[in-house]
Each structure stands twice: as C-alpha cells, then as structure tokens.
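Written out below as structure tokens is the structure these notes cover.
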Amino acid sequence: MEQTLYFILLLIALCSVSECVQRQYYFINVTKNWTEAQRYCREKYTDLATVDNMNDLNELKKSVNDSGREYVWIGLQRMSVDKWQWSSGDPALYLNWGPGQPDGGDEECAVMKNGQWHDVSCSNSQTFICKNTNTGLVYVNEMKNWRDAQSYCRQNHIDLVSVRNQNESQQLQQFINDNHISGDVWIGLFRVSWQWSDQSDSLFRYWRSGEPNNAGGNENCTAVIHLAPREWNDVLCNNQNPFVCHEEKLILIKEKLTWSEALRYCRQNHVDLVSVHSEEMQRDVMNVVKQASTKLVWLGLRHSCTVGLWFWVSGQTVCYQNWAIDDSENCDSAVRSGAVQSGGGQRWISRPETDRLNFICSRN
C-alpha cells in the first residue's frame, strides 16, 4: 500500500513535464518561387512550414538564418474562393447572415447577433455556446477568442455549436432567449480564406498591421518579413525567396493492428506510439487522425491495474486529460489501452488492447 501511494505521489509530481514542439523547422537558404519551394519541402521533408501557435512561431524564427533577403516563404496561400465551414467539419450549406454580412477583410469567424450571423475577427473575446451530447446546448459565460472557445468546447463537451438548418437556427435563438444571453456569442462557423500547404486547419495568423492587403490583386502567398519581429505579409507567389520547411513528428499508420502490434511497429519503424501530454499536442493528433480508416486510432496510452492509473509508453505521466469514455476500472476484463476518436470530438476512449485499429507513431 505504501509503495502504491508513493508511486501515485511521484506521478503527480512529474506533471510539470515541458511541452514538446510537434514540428521541426528547416530553413532552406535557396531562392525559389512559392510553388517550387512547396515542391522542394514535400520531396525532402513534410511540407512548407505550418504554424499553429506562438510556440511554433518562435521555433520557426529560431530556424531562420540571415539570408540577406527581405522575405522567407511559409506554407500559407490564399484560396481562390472563400469557404465557410463548421468547426465540426460540416460544410456551411444553410446560411443565416445579417444584412451586409459577411463583409470580408480579416474577419474569419462568426458570432450569433440578434438571431443572425456576423463575421468578426477570430481574435475578439466573446462568450460562446457549445454542443453537448447529453445536455444539448451549453452556454459558457467566459470571454475567449474563437480558437480558445473551440478548444474549451472540444475538451468539455463536443464542439462549438453548429447550425445546419432553419430548425436548428430557431432552437439556438430560443436557447439564447431562454437563458437571457445578451451580446454576441461565438458559434462554430469560420472562414477558410487562407489555406496551409499541408491542409492543416490552423487558424493562427501573425500578419503585419494592414496586411494582408492583396496589393495589385494578386498577392496570394505568405512570407515572413526577415526583420524582427518577423511578422507576415502577402506577396506575389512568383517572387524568389528562401523558405522554411517543416517535418511532422507524428505519422498516421493506416494498418489495422492490435495495440501491442502497433507499439512494436512504431518502435521498429519510427520511435514510439504517440504520447499526448498537452492541448497543443492533442491538436496535432486531431489533424493527423482525420485521414484514418478506423473510427478509433491507437495512442501510446496504457492502463495499470496495479496502481489504477493510466500512463504513456514514453514514460510521461497522464496529466492532460481528454477522455470521452474511460471504462478501465474493471480490472477483471481485458487489458485496456487508449485510443482517440478519428471523428466527432476526437476524444479518448478506453478499449481492449485486442481491437485492431489504425495508430499514430511519433518520429522523434
């Protein structure tokens, strides 16, 4: 009993582990146009650089050496047609815009306002409405930007609310009225006007003030301005610039293996089954699992009946939690391992290790 208590206390103490950067960045000091740079990165690495957050951006900045050039390519490109979609992945087929909306610019996320939708900057702070399987709609009276609101809903419920038809729109407005919600509230609608080369759904942007301005009507590619603070600018795709590639540290394997077979595969061919110890790493996993051929995908997550705790095969402790279902308490049943949903809220599920699923390997 004392040994078990000591082990539990040790795990709690270890929950201060530092976060890992899930991409490695490589500065290529050769000048190419954007398409040539993209081709080079896809041949040598994973793709032109994608940036999810400030941690990624700081790592990218560290990789860039003095090239003497004004700009450095990254993998963000303007799409020919803006596409609105729901956070859940559903296309926006039903539309309920207010008068004169959407009015464009850098306003790429949507709020519900007086029963209709308005596009606003994703960096605004608003309260928001989540969707929950059991309780339906949930109002969260906390001020967050759109991305943080999305993360909150995915961690605690399913996702930001979607409105797929007139009936759902009326239900949402009735919910707002019944709960006496005033002011604008985030919904799960966002606009993809710029797309990352690797098809990542990252909404992180670091534009210089007044950019992107599409000067001349043909500035469709993104470059980092070489001088500090290295903000972003939209420029002509045919310009010749050095560039930054990235290499993903996660890889989806579409073979269907048991958990033990998946562990063996990853350790023989890469490094290990993936460990997920932060919200940022969960986002990377969410991007990867979208292409899975099974509804669940193995993680490097294992349950110990001896101490009644989950642990990562990498040796890291399970501090960050993202469970949908954890039915590991019955230690008389099959050995339990952890998997992530490939759709829906992409939460974690406890499953018998004999299930045959796709899996994610870590490359570093």
Problem - Short side-chain to backbone donor-acceptor contact, Arg164 and Leu93, under 3.5 Å - result: no

Problem - Arg191 (side chain) donor-acceptor with Ala110 (main chain) under 3.5 angstrom - result: no

Problem - Test applied, side chain to side chain contact (heavy atoms under 4.5 Å, CB included); reference residue, Trp348; option that passes from Asn322, Leu296, Asp326 - result: Asn322

Practice task
Check Leu57, Thr50, Leu60 against Tyr25 for a side chain to side chain contact (heavy atoms under 4.5 Å, CB included) and give me the one that passes.
Solution key: Leu60

Within the 3.5 Å criterion, strictly below it, is a donor on [X] or [Y] matched to an acceptor on the partner's side chain?
X: Gln38; Y: Ser197; value: yes
X: Arg147; Y: Ser123; value: no
X: Asp159; Y: Ser87; value: yes

May I ask whether [X] and [Y] are part of the same hydrophobic cluster, defined by side-chain heavy atoms of I, L, V, M, F, W, Y residues being less than 4.5 angstrom apart, directly or through others?
X: Leu252; Y: Met286; answer: no
X: Val318; Y: Val313; answer: no
X: Leu76; Y: Val51; answer: yes

Handout entry: Trp259 six-ring centre to Arg351 NZ/CZ under 6.0 Å and within 45° of normal
Key = no

Practice task
To the nearest 0.5 angstrom, please state how far the CZ atom of Arg42 sits from the CG atom of Asp198.
Solution key: 8.5 Å

Fill in the blank from the handout: Students should find that the hydrophobic cluster of Trp117, defined by side-chain heavy atoms under 4.5 Å apart, otherwise consists of Trp84, Trp86, Tyr94, Leu95, Trp97, Met112, Ile129, Leu137, Tyr139, Val161, Val163, Leu172, Phe175, Ile176, Ile181, Val185, Ile187, Leu189

Practice task
State plainly whether the residues Asp56 and Arg23 are in salt-bridge range, i.e. N to O under 4.0 Å.
Solution key: yes

Handout entry: Check ion pair Arg356-Glu261 (N to O, under 4.0 angstrom)
Key = yes

Problem - Of Phe128, Trp146, Trp186, the residue whose pairing with Tyr152 passes ring-ring contact (aromatic ring centres under 6.0 Å, His included) - result: Phe128

Exercise for the section: Indicate the ring-plane relationship of Trp310 and Trp323, choosing parallel, tilted or perpendicular according to the 30° and 60° boundaries. Expected result: tilted

Handout entry: Criterion salt bridge (Lys or Arg N to Asp or Glu O under 4.0 Å) on Glu353 and Arg302, from CA distance to verdict
Key = CA-CA 9 Å; Glu353 66 165 357; Arg302 190 73 154 174; 2.7 Å; yes

Problem - side chain to side chain contact (heavy atoms under 4.5 Å, CB included) against Cys245, all qualifying residues, sequence neighbours excluded - result: Ile28, Tyr40, Cys41, Tyr45, Phe243

